Amino acid sequence: MIASPLKMHFAEPLQLASGDVLSEYSLAFETYGTLNAHKTNAVLICHALNASHHVAGVYENQAKSEGWWDNMVGPGKPVDTDHLFVIGVNNLGSCFGSTGPLSTNPATGKPYGASFPMVTVEDWVDSHVRLLDQLGIRRLAAVMGGSLGGMQAMCMSYRYPDRVRHAIVIAAAPNLSAQNIAFNEVARQAIMTDPDFYGGNFEAKNTVPKNGLMVARMIGHITYISDDQMETKFGRGLSKSSKDSIVPPAESPANLKFSSEPEFQIESYLRYQGEKFSRYYDANTYLRVTKALDYFDPAAEHGGDLAKAFTPATAKFLVISFTTDWRFSPARSREIVKALLDDKKEVTYAEIDAPHGHDAFLLDNALYHRTVRAYFEHVVIGGEVNL
Amino acid sequence: MITRADFEAIATWIPAGSRVLDLGCGDGSLLAYLKATRNVEGYGIENDGASIVRCIQTGVNVIQMNIESGMKEIADQSFDIVILSQTLQAMKRTESVVADMLRVGREAIVTFPNFGYWRHRVQIALGGHMPVSNDLPYQWFDTPNVHLCTIADFEAFCRDRKYRLLGRMVFNHEREQTVLPNLLGTLALYRLTRDRVA
């Protein structure tokens, strides 16, 4: 499946939750499959922290350019584009095509950089709905997302009840725990204390806080994988380059010496991932997206009662968690399920036994994919006569 | 083995439009039957992933949960009827499961294979072996049934806990058994509630 990125410009200002106004903006998006005559088969995919509108397929003449959820979305896949019209949209404030800190501020003619306003999950959902308006889609067959994307799916279900028939919320949480916020804060500090950060105006200095971004990504990455998975994949294995240079101390204490080079495989892996990330991700975007995660708390304005936040929703829900996910654990998904049960909403909940931790939502897992496939085939598509 | 006759018997105790929770709902066929015949709304509770996929295919809302975990996600008295169909005997924490059923529901329907059935008694008394039959097809060493009971046992259990029996049906295979139920019945169905403490 060949994907082609599209862009929609919005001249009408967007009022943000912070009180700021984005006078004009663009959204980058992609679509897969065909919108039916009644426009009832549209599925919106919301992305998590570092993904984009490139959900599925590959770009023309670019091998290995598969979208981030290509195992889930496509012809014959669990979210089957032979029947569904799937939309991937890039969140505002991102660095992959939608208006964000790297874009030019029309008021100054210079990049927004550090002056880009704070955008929240609610702001994203508002902007996604405007995109649906432009595409002529009155009501989505489903809104779907994992992690931060799951939060957007939830948010759309109660913020725009008449726009959503099904909400599929995967590996998400009703808000961030203190531990989640703590990890985000360490990542932000890594970026903000990088000498190349310059208060967010690094662009003017022709540099990027590369080391800060790298450390931020390394910390994030640790939280995406389970302890067991890390042990299985890396254990105490040594990286290739260090195998010659160091001998495990137990075997030869005389060879023990301090080294700043990566010695264990997990060190090389994290450095590699961090380095790669620092080359394509924008620091100001990272700071804002992690803050958007921290701020998301739909129960807060209802005295902590999540069920009250969900009260307006009319969608049917599919909630999925993964047993070894310790970032957004099954217990957090069960809070969502409890709220929906308290509200007497239609909900199905599956807790998938997977070893991979939070990352499991992006990976191939037969039961996980069978669950999503069954839901689309029998509930989303099967449940609507004229779909 | 759950049969169509069991579904029909259970359905006679379900008022139209009830809010129903089916514990250990398997593929969701009982709930699908009750939706079709009694217009109930509700959820199945199941802890097996493949069964959850089957429920989704059947069009039944299902929540993955261990029914022996205390079912904390389900609010007190939030269902009209909670069903435990031929699963009681496989529970480790039988007492708390029945207590939880009456916590989350106004009424409970419990069905189980009657261990007091005469063939079972004969196999132990004369054969000297643990019973194996169509209703209890497992050998003692690989059975999921850890808490088998007789009709007399279950009624004593309810009496001791002041659960009020609202109805009882006993079947010998597909036929209702009214004479000597504990001796001649293979399957028992109970409808119970908890007397409100004044």
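Worth saying up front: this structure is predicted, and the values here are computed from it rather than measured. Below, chain A is the first sequence line, B the second, and so on; all start at residue 1.
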* **Contact class of B/Ile63 relative to chain A, heavy atoms under 4.5 angstrom** => both
* Structure fact -> Counting heavy-atom pairs under 4.5 angstrom with chain B, the leader among A/Val347, A/Thr371, A/Asp342 is A/Val347
* Taking all non-hydrogen atoms of both residues, which atom of B/Val53 and which atom of A/Ala374 are closest, and how far apart? -> CG1-CB, 3.9 Å
* Given B/Asn61, which of A/Val379, A/Thr348, A/Leu341, A/Leu340 fulfils the side-chain contact (heavy atoms from CB on, under 4.5 Å) condition? -> A/Thr348
* Structure fact -> Minimal heavy-atom distance between B/Gln64 and A/Glu351, with the atoms involved, is OE1-N, 2.8 Å
* To do: Starting at NZ of B/Lys72, measure out to CD of A/Glu335 and round the result to the nearest 0.5 Å.
  => 12.0 Å
* So does B/Lys35 have more than 12 non-hydrogen atoms from other groups sitting under 6.0 Å from NZ? -> yes
* With only heavy atoms counted, which part of B/Arg54 is less than 4.5 Å from chain A, the side chain, the backbone, both or neither? -> neither
* Shortest non-hydrogen separation from A/Ala350 to B/Ile52 and the atoms involved -> CB-CG2, 4.2 Å
* **Euclidean distance, B/Phe79 CZ relative to A/Lys344 NZ, rounded to 0.5 Å** => 8.0 Å
* Under 4.5 Å heavy-atom distance to chain B, tell me which part of A/Val337 shows up: side chain, backbone, both or neither. => side chain
